[in-house]
Amino acid sequence: NNNLQVRERRKDTKRSKSMWNKLFANNNCVTEHTKSRAATVAVLVVDGTRAHRDLWASVFSGCTTKSGVPVVPEVCDWDSMHLTAYSEYGASREAAAFVDIVEQKPDGGGTRVKTVRPNACLIRSQVRGVTPSQDYRNLLYGLQFAGVPCVNSLQSILSFVERPWVFGELLRIRDRLGRENFPLIPQNYYPSHRSMLIGPVFPAVIKVGHCHAGHGKLVIRDHHAFQDFASVMAIDNHYCTGEPFLDGEYDLRIQKIGNCYRAYKRSGTGQWKTNTGARGFPGCTHPAHTLSAGTSVLEEIELTPQYKMWADAASQLFGGLDICAVDAIHGTDGKEYILEARPPLPPPTAFEQTHAGERHCDWPGPHTRVGGHAPHEGPHFAEARASAARSAVTVHTNSLPSNLKSFVR
């Protein structure tokens with residue numbers, strides 16, 4: 001019995017050593033306090049489209065730090081990740097976040113859990129969906145807690161969750177640039193059904209709550225229908241906004257990724273909601289992004305100086321955005337109105353198409369923030385060392401746009 005107990009203790013010790021060696025060596029859990037050169041730099045890519053997972057690997061292919069450390073994307077969706085954050089971790093007593101990613105085994109035989117300590121994060125999925133079960137802000141709080149650099153910044157992602165919060169900032173831009181230069185659509189805000197006494201201009205588009213992509217939107221034709229809808233709003237604690245229903249010829253999207261701009265014309269299938277369903281992306285042949293029946297298609301158009309001005313103004317929201325888009329509508333009367341600004345969710349192929357050839361950039365990017373300040377190589381480093389690191393670190397890659405290469409810590 002004694003020999004059996006000794007053998008079991010030895011097995012437990014070996015398993016424990018194997019677990020921690022794997023955790024530290026393969027998942028970049030070793031800081032520069034304990035290891036001069038990390039094996040990899042882990043970028044947590046939160047993308048809800050499973051078809052994108054292999055594509056992200058190609059986007060980051062060949063991406064390394066200046067010292068040659070490879071940048072490895074760890075792709076997951078909100079539902080498959082579990083996060084724990086610590087204010088003091090390890091001998092350095094620095095803040096740290098660990099993410100358990102639940103993924104299917106390649107042979108389809110069940111699931112496995114992979115633990116990652118992310119050096120940076122790229123969020124390409126809505127942090128809050130339609131239903132309460134699709135609210136993932138608690139995970140976002142954990143990344144902020146540990147000071148994980150993110151593109152866009154975690155503060156801006158949280159601010160974009162609520163529609164009135166963003167529209168209020170767009171109103172400040174309109175007041176600064178002028179209505180002709182920044183033609184923002186008129187809008188009313190109603191915090192509850194009790195405020196819905198004076199309606200917008202009819203016919204009107206009513207948008208309920210925070211939802212995007214066509215959810216929670218309907219057309220109200222007159223004030224009678226508006227009052228009927230107010231009685232529906234009384235059954236739940238949601239806000240809503242109202243804006244004029246414009247007879248549009250097509251939608252516009254002006255997209256900015258780093259210093260690269262693109263303008264698209266979006267046409268649908270006759271429905272007034274052209275921002276629903278799958279979309280066809282120019283130059284993309286992946287099945288997840290090709291045009292299908294009942295959906296809308298994007299056609300790239302010329303970027304005018306006015307469109308560029310809109311994107312530049314929107315990119316200054318919430319301390320600055322590395323990725324942003326402005327949605328507008330081109331009416332049948334020839335006038336254009338800005339509907340909203342938000343971080344777009346383009347497929348990985350859009351990032352590959354943004355820049356071709358080798359690029360260099362400083363880390364961190366101009367808008368990436370940790371706790372309101374530009375991030376450095378770790379919260380434990382002095383600001384002087386962080387300043388030196390910002391001017392010294394370079395990313396080499398054949399696929400990433402210049403500002404997205406700022407993932408490297």
Check: [X] side chain, [Y] main-chain N or O, donor-acceptor pair, under 3.5 Å:
{"X": "His215", "Y": "Gly129", "answer": "no"}
{"X": "Trp78", "Y": "Asp47", "answer": "no"}
{"X": "Asn119", "Y": "Ala42", "answer": "yes"}
{"X": "Asp236", "Y": "His238", "answer": "no"}
{"X": "Asn152", "Y": "Asp322", "answer": "yes"}
{"X": "Ser159", "Y": "Gln155", "answer": "yes"}

Quick one: [atom1] on [X] to [atom2] on [Y], what's the gap to the nearest 0.5 Å?
{"X": "Gln255", "Y": "Glu300", "atom1": "CD", "atom2": "CD", "answer": "9.5 Å"}
{"X": "Tyr261", "Y": "Ser315", "atom1": "OH", "atom2": "OG", "answer": "6.0 Å"}
{"X": "Glu243", "Y": "Asn188", "atom1": "CD", "atom2": "CG", "answer": "10.0 Å"}
{"X": "Ile101", "Y": "Leu44", "atom1": "CD1", "atom2": "CG", "answer": "5.5 Å"}
{"X": "Glu302", "Y": "Tyr307", "atom1": "CD", "atom2": "OH", "answer": "9.5 Å"}
{"X": "Ile185", "Y": "Glu340", "atom1": "CD1", "atom2": "CD", "answer": "10.5 Å"}

Are there over 12 heavy-atom neighbours, none belonging to [X], within less than 6.0 Å of that residue's [atom1]?
{"X": "Arg112", "atom1": "CZ", "answer": "yes"}
{"X": "Arg172", "atom1": "CZ", "answer": "yes"}
{"X": "Asn237", "atom1": "CG", "answer": "no"}

With a 4.0 Å cut-off, would you call [X] and [Y] a salt bridge?
{"X": "Arg176", "Y": "Glu169", "answer": "no"}
{"X": "Glu103", "Y": "Lys114", "answer": "no"}
{"X": "Asp312", "Y": "Lys256", "answer": "yes"}
{"X": "Glu162", "Y": "Arg128", "answer": "yes"}
{"X": "Arg266", "Y": "Asp251", "answer": "yes"}

For a quick test of reading the model, state the closest non-hydrogen atom pair linking [X] to [Y] and the distance between them.
{"X": "Ala85", "Y": "Gly142", "value": "CB-O, 3.7 Å"}
{"X": "Gly248", "Y": "Ile329", "value": "CA-CD1, 3.7 Å"}
{"X": "Ile206", "Y": "Pro200", "value": "CD1-CG, 4.4 Å"}
{"X": "Arg124", "Y": "Ile323", "value": "NH1-CD1, 4.1 Å"}

**Request:** Evaluate the criterion side chain to side chain contact (heavy atoms under 4.5 Å, CB included) for residue pair Leu184 and Leu339; output intermediate values, then yes/no.
**Result:** CA-CA 6 Å; Leu184 188 62; Leu339 301 177; over 6 Å; no

**Asked** Once the angle between the rings of Phe318 and Phe160 is folded into 0 to 90°, is it parallel (under 30°), tilted (30 to 60°) or perpendicular (over 60°)?
**Response** perpendicular

**Message:** Does any part of the side chain of Leu140, heavy atoms only, come nearer than 4.5 Å to the side chain of Leu158, both counted from C-beta?
**Reply:**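 Yes, close enough: below the 4.5 Å cut-off.
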
**Request:** Mind running side chain to side chain contact (heavy atoms under 4.5 Å, CB included) on Leu143 and Cys150 for me, showing each step along the way?
**Result:** CA-CA 9 Å; Leu143 295 172; Cys150 185; 5.8 Å; no

**Prompt:** Does the ring centre of Tyr190 sit less than 6.0 Å away from the ring centre of Phe226?
**Reply:**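 Centroid separation for Phe226 and Tyr190: below 6.0 Å.
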
**Request:** May I ask you to check whether Tyr86 and Phe145 place their ring centers less than 6.0 Å from one another?
**Result:** no

**Request:** Carefully, step by step, assess Lys308 and Trp310 under the rule side chain to side chain contact (heavy atoms under 4.5 Å, CB included).
**Result:** CA-CA 5 Å; Lys308 184 176 182 298; Trp310 293 353; over 6 Å; no

**Asked** For residues Thr115 and Asp100, is any side-chain donor paired with an opposing acceptor at under 3.5 Å?
**Response** yes

**Request:** Give a yes-or-no answer on whether the side chains of Asp228 and Ser231 include a donor-acceptor pair shorter than 3.5 Å.
**Result:** no

**Asked** Can a cation-pi geometry be assigned to Arg163 and Tyr239, taking NZ or CZ under 6.0 Å from the six-membered ring centre and within 45° of the ring axis?
**Response**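 So Arg163 doesn't make the cation-pi contact.
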
**Request:** Carefully, step by step, assess Asp79 and Tyr136 under the rule side chain to side chain contact (heavy atoms under 4.5 Å, CB included).
**Result:** CA-CA 8 Å; Asp79 286 322; Tyr136 307 104; 2.8 Å; yes

